[in-house]
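Note sheet for the following structure.
We name chains A, B, ... by the order of the sequence lines, and we start the count at 1 in each one. Atom set for the values below is all heavy atoms of this structure, side chains included, hydrogens, waters and symmetry mates excluded.
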There are 2 protein chains.
Amino acid sequence: MPKPTRSSERRDDALSRERIVDAAIALLDDDGEDGLTFRALATRLETGAGAIYWHVANKNELLVAASDAIVTRALGDVASCGTPHETIRSVALCLFDTIDAHPWLGTQLSRAPWETATLRVFERIGHQLQALAVKADAQFASACALLSYIIGVSSQNAGNGLLLDPSLGRTEFLEIVAAKWQQLDAQEFPFTRQIAATQLRDHDDRADFLAGLELILAGIAAAL
Amino acid sequence: MPKPTRSSERRDDALSRERIVDAAIALLDDDGEDGLTFRALATRLETGAGAIYWHVANKNELLVAASDAIVTRALGDVASCGTPHETIRSVALCLFDTIDAHPWLGTQLSRAPWETATLRVFERIGHQLQALAVKADAQFASACALLSYIIGVSSQNAGNGLLLDPSLGRTEFLEIVAAKWQQLDAQEFPFTRQIAATQLRDHDDRADFLAGLELILAGIAAAL
DNA sequence: ACCTGAACACCGTTCAAGT
DNA sequence: ACCTGAACACCGTTCAAGT
């Protein structure tokens with residue numbers, strides 16, 4: 001909702017909250033979380049660092065606004081037709097892919113859990129739980145469980161790419177992790193070692209993500 | 001495993017990796033994530049900032065070591081008797097309480113998902129899944145789902161206290177959040193508003209955490 | 001081998017001064 | 001009303017110099 005006083009005589013490239021947030025997103029996508037700097041932002045917007053503070057209170061507000069913009073955009077593409085379970089799956093996959101495309105978003109959604117960005121997801125999930133006729137006093141806990149799972153696993157998945165050399169392909173990355181796990185102490189980490197030997201190398205992140213989601217949905221269905 | 005060369009003639013207060021990690025934990029607990037600074041750490045240890053780098057490669061390694069120390073200590077107190085479900089509940093509650101007591105740990109476990117701290121939890125969960133006779137090819141996804149859920153919800157819970165004034169009591173905090181949610185747009189956020197009106201104020205974080213965990217456990221049991 | 005502390009290259013944020 | 005850019009109070013990390 002831009003103020004009606006914003007008249008047309010302004011330069012097209014005048015600073016605005018929206019332009020700042022867009023530039024911040026671009027910076028975050030290009031250079032990661034550390035890439036977002038008031039100085040870098042000012043350079044990209046061809047202005048002084050201080051100018052940004054006229055439109056945005058501080059860095060945290062910028063991160064919150066950027067997250068909200070991305071999540072709103074992404075959720076807008078998710079249709080709510082289909083069964084409640086189908087819709088929840090769609091919302092979950094949408095977030096998985098969005099966070100994969102913007103790894104900084106995962107961190108941000110975990111860090112600021114009750115900002116509007118997260119609430120939008122919470123809301124969408126809640127509708128589907130109501131459609132499933134989940135008992136009223138179980139809706140909150142169920143929605144929280146789904147929300148935490150979705151954001152947690154998606155962030156973890158997206159973060160994996162960044163932990164080691166970002167130039168690494170997925171296969172090489174898994175190879176390295178598997179090798180590391182197999183070198184763990186045999187007494188202390190038998191399960192982890194076994195996973196590394198059998199499943200880690202060719203597991204499918206998206207499939208596992210959906211499998212875990214299915215567990216929660218099954219649990220919800222069983223309690224109806 | 002201290003090197004055998006560490007002879008007794010050393011001053012008792014000589015710098016060591018262990019003393020540094022302990023001081024880092026104290027700093028993190030007292031002053032939060034921002035409180036851990038090489039300068040503050042040096043002051044507390046009565047040394048120069050650069051000295052720390054002789055024992056620890058960088059700040060990240062310090063965070064990883066601190067997390068590992070806390071998680072190892074905490075998990076050590078969790079008995080593995082009882083049924084697998086009971087043990088998983090104990091591990092989950094242990095992490096919930098530990099992260100509640102050390103809020104920085106939640107952030108750290110999410111940020112560095114495959115460091116030993118997280119792997120210790122993964123391992124413990126894995127053992128119980130094997131004891132439950134979960135199908136081999138479902139063990140990885142199930143363990144990941146449980147791990148993400150536990151860390152995700154615990155972090156969120158612990159983070160809540162820090163978002164607003166830390167001097168705020170829990171009741172006042174929930175009151176503020178509920179009031180904020182009820183002011184959200186009625187068209188866009190009906191579910192969130194309803195939760196704020198009905199369940200948010202007197203929900204029990206631990207109980208909801210366990211309820212969500214139960215959903216996953218029920219889903220796992222249903223797939224056996 | 002281990003410690004010191006100044007120095008370097010950054011940050012977020014503020015604010016007097018400009019238009 | 002909006003922008004500028006120097007200044008402030010910090011960071012993590014390095015490194016020559018000490019013991």
Side-chain angles (χ1 to χ4, degrees), chain A residues 1-25 27-28 30-67 104 107-108 111-112, chain B residues 1-25 27-28 30-67 104 107-108 111-112:
Chain A
M1 282 158 254
K3 297 239 182 68
T5 45
R6 189 165 302 284
S7 61
S8 51
E9 86 226 19
R10 286 234 141 262
R11 290 146 62 210
D12 261 9
D13 64 340
L15 230 43
S16 70
R17 195 183 152 90
E18 204 196 344
R19 275 193 71 226
I20 293 174
V21 171
D22 283 345
I25 291 171
L27 225 34
L28 286 163
D30 288 353
D31 305 323
E33 307 213 35
D34 296 341
L36 180 59
T37 280
F38 275 80
R39 271 160 253 253
L41 202 49
T43 306
R44 192 179 270 247
L45 292 165
E46 293 178 299
T47 181
I52 297 165
Y53 283 90
W54 185 262
H55 302 271
V56 167
N58 51 42
K59 187 168 179 173
N60 186 55
E61 196 182 298
L62 202 49
L63 252 357
V64 167
S67 306
W104 53 272
T107 314
Q108 189 53 29
R111 202 189 327 261
Chain B
M1 287 156 256
K3 297 240 182 66
T5 45
R6 189 166 300 285
S7 61
S8 52
E9 86 227 15
R10 285 235 140 261
R11 290 148 61 212
D12 261 10
D13 65 339
L15 230 43
S16 71
R17 196 184 152 90
E18 204 197 342
R19 274 193 72 227
I20 293 173
V21 171
D22 283 344
I25 291 172
L27 224 34
L28 286 163
D30 288 352
D31 305 323
E33 307 214 35
D34 296 340
L36 179 58
T37 280
F38 276 80
R39 271 160 252 253
L41 203 49
T43 305
R44 192 178 271 246
L45 292 165
E46 293 176 300
T47 181
I52 298 165
Y53 282 89
W54 184 261
H55 303 271
V56 166
N58 51 42
K59 186 167 180 175
N60 186 55
E61 195 182 296
L62 202 49
L63 253 357
V64 167
S67 306
W104 53 271
T107 315
Q108 190 52 30
R111 203 189 327 262

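Between Arg39(A) atom CZ and dA7(D) atom C1' there is a gap of 10 Å when expressed in whole angstrom units. The interatomic distance linking Phe38(A) (CZ) with dA7(D) (C1') rounds to 17 Å, in whole Å. The CG atom of Leu63(B) sits 13 Å away from the C1' atom of dG12(D) (whole-angstrom rounding). When the P atom of dC11(C) is taken as reference, atom CG of Leu36(A) falls 11 Å away, rounded to whole Å. Between the C1' atom of dC3(C) and the CG atom of Leu15(B) lies a distance of 8 Å, rounded to the nearest Å. Look at CG on Asn60(B): it is 14 Å from C1' on dT13(D), rounded to the nearest Å.
Using a cut-off of 4.0 Å between Lys/Arg side-chain N and Asp/Glu carboxylate O, Glu33(B) and Arg111(A) are scored as not salt-bridged.
Residue Trp54(A) places no side-chain N or O under 4.0 Å from the OP1 or OP2 atom of dC3(D). The phosphate of dA1(D) (OP1 or OP2) has no side-chain N or O of His55(A) nearer than 4.0 angstrom.
Nearest-nucleotide assignment on DNA chain C puts the 5′-proximal partner with Asp34(A), out of Ala51(A) and Asp34(A). Toward the 5′ end of DNA chain C lies the nearest nucleotide of Ala49(B), the other residue of the pair Ala49(B) and Gly50(A) mapping further downstream. The residue among Ile52(A) and Lys59(B) whose nearest nucleotide of DNA chain D lies closer to the 5′ end is Ile52(A).
Here the shortest heavy-atom pairing between Leu15(A) and Ala51(A) reads CD2-CB, 3.8 Å.
Side-chain atoms of Tyr53(A) lie closest to dG12(C) of the nucleotides dG12(D), dG12(C), dC3(D).
Base pairing analysis places dA17(C) opposite nothing; no Watson-Crick or G-U wobble pair with both distances below 3.5 Å involves it. Of the nucleotides present, none pairs with dC11(C) by Watson-Crick or G-U wobble criteria with both distances under 3.5 Å.
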